[in-house]
Chemist: 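Sharing a structure below in structure tokens format, with a few things to ask.
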Amino acid sequence: MGLCSSCFKGSTEELLQPNAEMRRQQQLEAAERRRQQNETRGIKDPEKVRRMQQRAEDMERREEEAARTGGGQPTLKWQQD
């Protein structure tokens with residue numbers, strides 16, 4: 001048994017221990033997968049959530065523009081006929 005293990009000693013170490021660049025790439029991929037899983041945890045439709053966030057940001061931006069341009073005064077006027 002000792003003869004076989006001595007023949008393959010170098011090659012098994014290379015298979016078990018990837019080089020530094022390969023290990024770094026694997027760690028980056030794993031971190032990206034964890035980030036994506038954490039973002040979507042508990043959300044059935046992530047696209048719907050993104051659309052809702054975008055809509056809320058647009059409304060907030062419009063309100064800020066209206067406050068700056070209108071000076072806080074309403075733009076509509078009431079008319080009685």
Chemist: So that I can tick it off, tell me whether Glu47 and Arg50 are bridged by a salt bridge, with the cut-off set at under 4.0 angstrom between side-chain N and carboxylate O.
Modeler: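 Salt bridge flag = yes for Glu47 with Arg50.
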Chemist: I would like to know whether Glu65 and Arg62 meet salt bridge (Lys or Arg N to Asp or Glu O under 4.0 Å); could you show each step before the answer?
Modeler: CA-CA 5 Å; Glu65 287 179 18; Arg62 288 181 191 156; over 6 Å; no
Chemist: Could you measure the distance from the CD atom of Glu57 to the CD atom of Gln54? Nearest 0.5 Å is fine.
Modeler: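 Rounded to the nearest 0.5 Å, the CD-CD separation comes to 5.5 Å.
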Chemist: If you measure from the Lys or Arg side-chain nitrogens to the Asp or Glu carboxylate oxygens, is any gap between Arg55 and Asp58 under 4.0 Å?
Modeler: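 No, this pair does not count.
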Chemist: Output, in order, the C-alpha distance, side-chain angles, deciding distance and verdict of side chain to side chain contact (heavy atoms under 4.5 Å, CB included) for Asp45 and Met52.
Modeler: CA-CA 11 Å; Asp45 187 7; Met52 289 173 56; over 6 Å; no
Chemist: Please determine which of Gln27, Glu32, Gln25 meets the side chain to side chain contact (heavy atoms under 4.5 Å, CB included) test together with Glu29.
Modeler: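 It is Gln25; the other options fail the test.
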Chemist: Determine whether the side chains of Arg35 and Asn38 contain a donor N or O and an acceptor N or O closer than 3.5 Å.
Modeler: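 Asn38 and Arg35 do not have a side-chain donor-acceptor pair below 3.5 Å.
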